[in-house]
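The residues of the chain are indexed from 1 along the displayed sequence.
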Amino acid sequence: MIRLFINGLAASAGGGLTYLRNVIPHLARRVDAETTVLLNPTIRREFGEMPNISFVEDLGSYGARRRFIREQTTLRKLIRHSGAQVLISAGNFALWKSPVPQILLSRNSLYTSVDFSRDLYLRREYRMWLDTRLKSTFARRSIGWADCTVAPTRSFADELKCWTGKDVIPIYHGFDHDLFFQDGPALPEEVRRKFDATVDSVRVLFVSHYTYYRNFETLIRALPALKAGLAPRKLRLILTCEFRPSDGYRADLAAALLQQLDVATEVIQMGSVPYRSLSHLYRACDVYVTPAYTETFAHPLVEAMASGLPIVASDLAVHREICGSAALYFPRFSPNELAQRVLEVVSSPAVSAQLAEKGKRRAKCFSWSKHVDEILALAIRLSSSRARSTHVDNPVVK
């Protein structure tokens with residue numbers, strides 16, 4: 001039996017939340033592990049009561065810097081009280097001088113991305129640029145503080161090693177086919193109403209909240225060429241966000257581009273779609289596209305492949321590692337090449353079917369059960385190593 005403590009305070013949206021939503025139920029089914037999970041109350045309510053899982057709620061609401069300080073000052077006491085043997089830090093930052101062996105889950109490529117730094121500078125987001133630089137300093141130090149760092153892909157693990165000089169272990173994130181496609185709730189009424197208005201259109205889907213690194217502007221700049229190439233058929237770009245300020249990101253440039261390029265009608269801003277309802281959206285679209293200029297895993301790519309959607313993705317090492325030959329790729333800042341790849345898929349049923357079939361096979365390579373197996377095996381090794389080291393340092397005198 002291994003006892004774990006997961007610090008999940010940083011999970012509020014995107015990949016961090018997807019990770020906990022999938023890993024916690026798998027840990028609950030394990031009879032060889034007991035897990036304490038630290039969450040904020042909003043996320044805690046999603047899980048209810050689970051066997052082998054104890055939840056600790058943090059009642060405060062903090063920004064990243066205040067949360068980091070709070071973790072460094074209060075987390076050790078919580079870990080000791082839980083009786084945990086291994087700490088899993090799930091939010092890119094490690095606990096300095098952890099009382100137990102620590103696994104750091106690193107999944108934020110913004111701290112290493114030259115493109116993101118340049119993007120912030122060009123947008124005159126100087127405060128965010130400085131904030132990112134500061135966070136990157138602690139993210140790099142965290143890899144040194146942790147006993148072991150885990151990345152969700154080999155590509156990102158290699159990037160982190162180049163950045164820090166430290167070895168990083170790649171363990172793929174997973175995908176739970178049965179959970180994702182079980183009879184979840186239908187799309188909310190407002191979302192359904194917007195989606196029904198796209199009938200008889202070519203539906204291009206992008207699942208993401210608005211952030212700069214997801215490169216929405218390149219996608220929008222591709223729309224005039226796509227619109228012309230698809231005529232007389234209608235084009236509709238389905239987005240699971242709205243162009244309004246989100247987590248400090250200003251969407252005014254993207255919103256302005258819609259008007260400047262006369263493509264506002266072609267973009268359907270659905271807003272946030274509940275995770276349990278996403279499968280309905282994937283299966284009703286024709287193509288999945290991602291123009292992101294940096295990534296560490298990209299869960300929606302696996303969800304799209306499992307849903308049988310052909311994929312058009314920016315040419316990143318991470319995207320090629322995840323999708324392989326199940327996608328067509330384009331240079332990440334080329335709207336013309338993006339449009340051309342989408343037109344290749346839409347204009348050829350054979351290409352579309354081939355990509356969809358390859359994607360379904362590729363999606364089967366990702367398993368949350370396997371991910372949890374590997375994390376637990378790593379935790380057991382670290383705990384055993386610490387126990388042996390303690391025994392050597394403090395031998396029993398007879």
Student: How are the rings of H173 and H299 set relative to one another: parallel (under 30°), tilted (30 to 60°) or perpendicular (over 60°)?
Tutor: parallel
Student: If every non-hydrogen atom of P291 is compared with every non-hydrogen atom of S314, which pair is closest and at what distance?
Tutor: C-OG, 3.6 Å
Student: Flag the pair K234 and E266 as a salt bridge only when some basic side-chain nitrogen lies within less than 4.0 angstrom of an acidic carboxylate oxygen.
Tutor: no
Student: With sequence neighbours excluded, give me every ring-ring contact (aromatic ring centres under 6.0 Å, His included) pair touching residues 307-353.
Tutor: Y293-F333
Student: Test your reading of the model: is there a side-chain donor-acceptor pair from R236 to the backbone of T198, 3.5 Å cut-off?
Tutor: no
Student: Suppose the criterion is side chain to side chain donor-acceptor pair (under 3.5 Å): which pairs have a residue in residues 269-287, not counting sequence neighbours?
Tutor: Y282-E303
Student: Looking at every heavy atom in both A379 and V86, which two are closest together, and how far apart are they?
Tutor: O-CG2, 3.4 Å
Student: Using the side chain to side chain donor-acceptor pair (under 3.5 Å) definition, which of the options D115, T290, T294 pairs with R332?
Tutor: D115
Student: Distance from F216 atom CZ to L237 atom CG, nearest 0.5 Å?
Tutor: 8.5 Å
Student: Going hydrophobic residue to hydrophobic residue with side-chain gaps under 4.5 angstrom, can you get from F297 over to Y213?
Tutor: yes
Student: Measure the spacing between CG of D147 and OG of S385 and express it to the nearest 0.5 Å.
Tutor: 8.5 Å
Student: Is the distance between the ring centroids of F138 and F93 less than 6.0 Å?
Tutor: no
Student: Under 6.0 Å from the CH2 atom of W163, do we count more than 12 heavy atoms belonging to anything else shown?
Tutor: yes
Student: So among L95, I88, T35, L38, which one has a side chain to side chain contact (heavy atoms under 4.5 Å, CB included) with F5?
Tutor: L38
Student: Hey, is the main chain of R133 close enough, under 3.5 Å, to the side chain of S136 for a donor-acceptor pair?
Tutor: yes
Student: Rounded at 0.5 Å granularity, tell me how far CZ in F366 sits from CG in D176.
Tutor: 14.5 Å
Student: Is there a donor-acceptor pair under 3.5 Å between the side chain of S82 and the backbone N or O of I79?
Tutor: yes
Student: Using atom types as modelled and distance alone, determine if a side-chain donor or acceptor of S106 lies under 3.5 Å from a backbone N or O of A151.
Tutor: no
Student: In terms of hydrophobic clustering (I, L, V, M, F, W, Y; side-chain heavy atoms under 4.5 Å; direct or indirect links), are L160 and L110 co-clustered?
Tutor: no
Student: Below 30° counts as parallel, above 60° as perpendicular, anything between as tilted: where do the rings of F175 and H177 land?
Tutor: perpendicular
Student: Write down the atom of I322, the atom of R362, and the distance for their closest heavy-atom approach.
Tutor: O-NE, 2.8 Å
Student: Can you confirm if the NZ or CZ of R123 lies within 45° of the ring axis of Y249 and under 6.0 Å from the centre of its six-membered ring?
Tutor: no
Student: Are the aromatic rings of W368 and Y19 close, with centres under 6.0 Å apart?
Tutor: yes
Student: Looking at D167 and K161, would you say the former's side chain and the latter's main chain have a donor-acceptor pair under 3.5 Å?
Tutor: no
Student: Identify the two heavy atoms, one from A292 and one from L316, that lie closest to each other, and give their separation to 0.1 Å.
Tutor: O-CD1, 3.4 Å
Student: Salt-bridge test for K166 and E159: reply yes if a basic N is under 4.0 Å from a carboxylate O, no otherwise.
Tutor: no
Student: Would a 4.5 Å heavy-atom cut-off, applied to side chains only, mark R141 and W96 as touching?
Tutor: no
Student: Side chain of T240, backbone of S208: donor and acceptor closer than 3.5 Å?
Tutor: yes
Student: Any ion pair linking E217 and R221 (charged N to carboxylate O, less than 4.0 Å)?
Tutor: no
Student: Checking the side chain of E374 only, and the main-chain atoms of I171 only, is there a donor and an acceptor separated by less than 3.5 Å?
Tutor: no
Student: On the six-membered ring of F206, is R214 placed so that its NZ or CZ lies under 6.0 angstrom from the centre and within 45° of the ring axis?
Tutor: no
Student: Salt-bridge test for R361 and E357: reply yes if a basic N is under 4.0 Å from a carboxylate O, no otherwise.
Tutor: yes
Student: Please check if the number of heavy atoms outside E190 that lie under 6.0 Å from its CD is greater than 12.
Tutor: no
Student: State, with a plain yes or no, whether a side-chain heavy atom of C148 is found less than 4.5 Å away from one of I169.
Tutor: yes
Student: For the CG atom of L382 and the CG atom of L378, what is their distance to the nearest 0.5 Å?
Tutor: 4.5 Å
Student: Answer yes if V302 and V150 sit in the same cluster of Ile, Leu, Val, Met, Phe, Trp and Tyr residues linked by side chain heavy atoms under 4.5 Å apart, and no otherwise.
Tutor: no
Student: I need the minimum non-hydrogen distance between P224 and L261, along with the two atoms involved.
Tutor: CG-CB, 4.1 Å
Student: Is it the case that one hydrophobic cluster holds both W145 and I143, taking links as side-chain heavy atoms less than 4.5 Å apart, direct or via other members?
Tutor: yes
Student: Report yes if some heavy atom in the side chain of N108 is under 4.5 Å from a heavy atom in the side chain of T296; otherwise report no.
Tutor: no
Student: Which heavy atom of S98 sits nearest a heavy atom of L87, and at what distance?
Tutor: OG-CD2, 3.8 Å
Student: Is there a side-chain contact between P335 and T218 in this structure, where contact means two heavy atoms from C-beta onward sitting under 4.5 Å apart?
Tutor: yes
Student: Among R193, R192, K194, which one satisfies salt bridge (Lys or Arg N to Asp or Glu O under 4.0 Å) with D196?
Tutor: R192
Student: Working to the nearest 0.5 angstrom, can you tell me the gap between E344 CD and S352 OG?
Tutor: 12.5 Å
